[in-house]
Novice: 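To start, I am sharing the structure in question, which I have written as structure tokens.
What you see below is based on every heavy atom in this structure, not just the backbone, and it leaves out hydrogens, waters and symmetry mates. The structure displayed is predicted, hence computed values, not measured ones.
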Amino acid sequence: MGVDWTQLPPELVESIAKKLTIYADYLRFRVVCHSWLACVPKTPQHLPPQLPWLMLPQSQPNQTHRAFFNLSNSRVHFLHLPEASHRKRRCGSSHGWLVILDETPTVLLVNPLTRAKRHLPPLSAFPNVVRFDYSEVGREYALQSSSGDVYTLSLAQMRDSFLKKVVLSSSPLEASGFTALAILSQTGDLAYCRDGDQSWTFIDGARSFSEDVISVNGLFYAVDSKGVVAVCDVEGPSAPRVAIIPTPRLDDSADMRYLVNLGADLLLVSRYLEIERWDNTNVNYRTTGFVVFRMNCVGARWEKVENLGERMVFIGENSSFSLSASDFPGSVGNCIYFTDDYSESNYESGLGGYDSGIFRIWDGTIQELPPYPRNSNYEVHWPPGSLPLWVIPNPC
């Protein structure tokens, strides 16, 4: 006799659902039958980080749906996301949430999977913004430099150039609250806000540590251009505490640096670029390679890593992270999956407008990402603020 799986006890069905680690599998499991749908929660709270989707550039200015490339099955998902439409700028992705800026002071967090939204303090609430006035057309913001000089920026300039990246300590829906940390593009300052704050606060002692920032176990780690790391504790009721890890400064010619948490290890990923000149007016940048270092905490120094084993590292405008390829069938480890987060001139020129790929550490070669042929003759015309971006699908 056949087994009627729809009659399984609800507690057993729910127990099986909690063993699933891939979000797509969880969704399929729920819709097997009405009884399973009824006893399995809509939102799973137990899932580990998922394989990221690649948020693709917006090809048409009036689109309200955004395309996401799924690495696991090479499919493109179209999500209704007017919050990230034309004239909006993405300023990072963290824990599955996008940071969105537009030509207002608003700093919006949105989960592209669920459309949940939260607001951070506005751009006008940063300590160096001394005035914001819509009536001052073309110079709506007045800012004060570190030397005391006052200068102005327009709405579009503030959207496009004030912030480099915003990183979250956790999902904004965590019951314990969350903290956001912003890297300021022009000054190199770091500023933070806690859940519920009305303004941003500068972290004294951490200026110039603006290459990259990650959150690990309640602390923010920030790195400068020479590989020196500042550890920032902003959780207590007192002023932020900053500790500098006294590593020797790296004297290589790296163009960019990223921090990545790898279990108990802290990695430093150095990125190298070259210039490709198309003509007298158009110059493109292209990634040529990476070098990975691991922090030796005993001697407080960076040691070169030749092999990451099964680990995959994802870097770009997103909060940098790593995953194990063994958790995702068909994935390839010992690779760096990278996107462009350094220059939009590539995209505005319309020539070869991308710098994304998969760097294979074992042989130093770069493989194309499936959505984009790594071909210098491939022409695209993507609007500013539309660089490809890694986003972890997160239902929470």
Side-chain angles (χ1 to χ4, degrees), residues 92 94 127-128 145-147 163-169 179-192 200-236 238-273 287-306 308 311 313-322 336 338 341-343 359 361:
S94 194
N128 57 335
S145 68
S146 58
S147 62
L163 295 182
K164 176 181 179 181
K165 180 191 287 189
V166 177
V167 174
L168 307 179
S169 62
T179 302
L181 189 143
I183 305 174
L184 276 66
S185 299
Q186 298 178 338
T187 64
D189 285 303
L190 302 182
Y192 74 95
W200 295 84
T201 302
F202 280 150
I203 301 178
D204 295 331
R207 191 174 189 182
S208 82
F209 291 87
S210 55
E211 281 290 297
D212 194 25
V213 173
I214 60 171
S215 175
V216 182
N217 298 326
L219 299 173
F220 287 98
Y221 289 72
V223 65
D224 72 3
S225 60
K226 294 299 182 182
V228 180
V229 174
V231 184
C232 306
D233 183 355
V234 300
E235 292 302 314
S238 58
R241 292 175 293 176
V242 178
I244 308 299
I245 300 178
T247 55
R249 298 171 69 84
L250 297 174
D251 294 324
D252 59 359
S253 57
D255 296 284
M256 304 183 70
R257 307 219 190 251
Y258 305 85
L259 290 177
V260 183
N261 179 36
L262 190 68
D265 291 321
L266 181 67
L267 300 185
L268 177 69
V269 179
S270 297
R271 184 174 185 171
Y272 299 84
L273 310 174
T287 297
T288 58
F290 294 87
V291 174
V292 181
F293 302 89
R294 177 182 282 112
M295 172 70 75
N296 183 325
C297 295
V298 176
R301 65 183 184 274
W302 293 112
E303 296 179 342
K304 190 174 179 180
V305 176
E306 302 290 350
L308 289 177
R311 302 301 296 190
V313 170
F314 295 85
I315 62 172
E317 199 175 36
N318 57 286
S319 297
S320 308
F321 62 94
S322 70
I336 298 172
F338 66 93
D341 64 332
Y342 55 85
S343 172
F359 179 76
I361 294 177

Novice: CG/Asp233 to CZ/Arg241 distance, rounded to the nearest 0.5 angstrom?
Specialist: 4.5 Å
Novice: Looking only at heavy atoms, what is the nearest atom pair of Ile214 and Ser320, with distance?
Specialist: CG2-O, 4.0 Å
Novice: Kindly give the heavy-atom pair with the smallest separation between Ser215 and Leu168, and that separation in Å.
Specialist: CB-O, 3.9 Å
Novice: Checking Ile203 against Leu181 for the side-chain contact (heavy atoms from CB on, under 4.5 Å) test, could you report, in this order, the C-alpha distance in whole Å, the side-chain angles of both residues, the deciding distance, and whether it holds?
Specialist: CA-CA 10 Å; Ile203 301 178; Leu181 189 143; 3.6 Å; yes
Novice: With a 4.5 Å heavy-atom cut-off, do Asp212 and Val269 have their side chains touching?
Specialist: no
Novice: Does a side chain donor of either Arg257 or Ser270 reach within less than 3.5 Å of an acceptor in the other side chain?
Specialist: yes
Novice: Does a salt bridge link Asp255 with Arg271, judged by any charged N lying under 4.0 Å from a carboxylate O?
Specialist: no
Novice: Output all residues satisfying ring-ring contact (aromatic ring centres under 6.0 Å, His included) with Phe293, sequence neighbours left out; order by chain, then residue number.
Specialist: none
Novice: Does Ser185 reach the main-chain N or O of Leu163 with its side chain, forming a donor-acceptor pair under 3.5 Å?
Specialist: yes
Novice: Do the side chains of Leu308 and Leu262 get nearer than 4.5 Å, heavy atoms only?
Specialist: yes
Novice: With sequence neighbours left out, what residues match Glu235 under salt bridge (Lys or Arg N to Asp or Glu O under 4.0 Å)?
Specialist: none
Novice: Using modelled atom types and a 3.5 Å cut-off, is there a donor and acceptor pairing between side-chain atoms of Ser322 and backbone atoms of Asn261?
Specialist: yes
Novice: Hey, mind stepping through Val213 and Lys165 against side-chain contact (heavy atoms from CB on, under 4.5 Å) and telling me if it holds?
Specialist: CA-CA 9 Å; Val213 173; Lys165 180 191 287 189; over 6 Å; no
Novice: Taking side chain as C-beta onward, heavy atoms only, is Val292 less than 4.5 Å from Ile361?
Specialist: yes
Novice: In chain order, what residues pass the salt bridge (Lys or Arg N to Asp or Glu O under 4.0 Å) check against Asp204, with sequence neighbours excluded?
Specialist: none
Novice: Would you call Leu190 and Ile183 a side-chain contact if the rule is heavy atoms closer than 4.5 Å?
Specialist: yes
Novice: In Å, rounded to the nearest 0.5 Å, how long is the span from OH of Tyr258 to CG of Asn318?
Specialist: 9.0 Å
Novice: Side chains of Ile245 and Val231: does their closest heavy-atom pair fall under 4.5 Å?
Specialist: yes
Novice: Would the distance check show the side chain of Trp302 and the main-chain N or O of Leu250 forming a donor-acceptor pair, the cut-off being under 3.5 Å?
Specialist: no
Novice: Say whether, by atom type as modelled, one donor and one acceptor occur between the side chain of Ser319 and the main chain of Val167 under 3.5 angstrom.
Specialist: no
Novice: Is there a side-chain contact between Arg207 and Thr187, using heavy atoms and a 4.5 Å cut-off?
Specialist: yes
Novice: Would you please indicate yes or no on a ring centroid separation below 6.0 angstrom for Phe290 and Phe338?
Specialist: yes
Novice: For the atom pair CG (Leu259) and CG (Leu267), what is the distance rounded to the nearest 0.5 Å?
Specialist: 9.0 Å
Novice: Find the distance between CG (Leu184) and CZ (Phe202) and round it off to the nearest 0.5 Å.
Specialist: 5.0 Å
Novice: Are the side chains of Val229 and Ile244 in contact, using a 4.5 Å heavy-atom criterion?
Specialist: no
Novice: Thr288 side chain to Tyr272 main-chain N or O, any donor-acceptor pair under 3.5 Å?
Specialist: yes
Novice: For a quick test of reading the model, state the closest non-hydrogen atom pair linking Phe220 to Ser169 and the distance between them.
Specialist: CZ-CB, 4.0 Å
Novice: Taking all non-hydrogen atoms of both residues, which atom of Ala180 and which atom of Trp200 are closest, and how far apart?
Specialist: O-CZ3, 3.9 Å
Novice: Where the side chain of Lys164 meets the backbone of Glu211, is there a donor-acceptor pair that is under 3.5 Å apart?
Specialist: yes
Novice: Quick one, Val291 and Lys304 - any side-chain contact, counting heavy atoms below 4.5 Å?
Specialist: yes
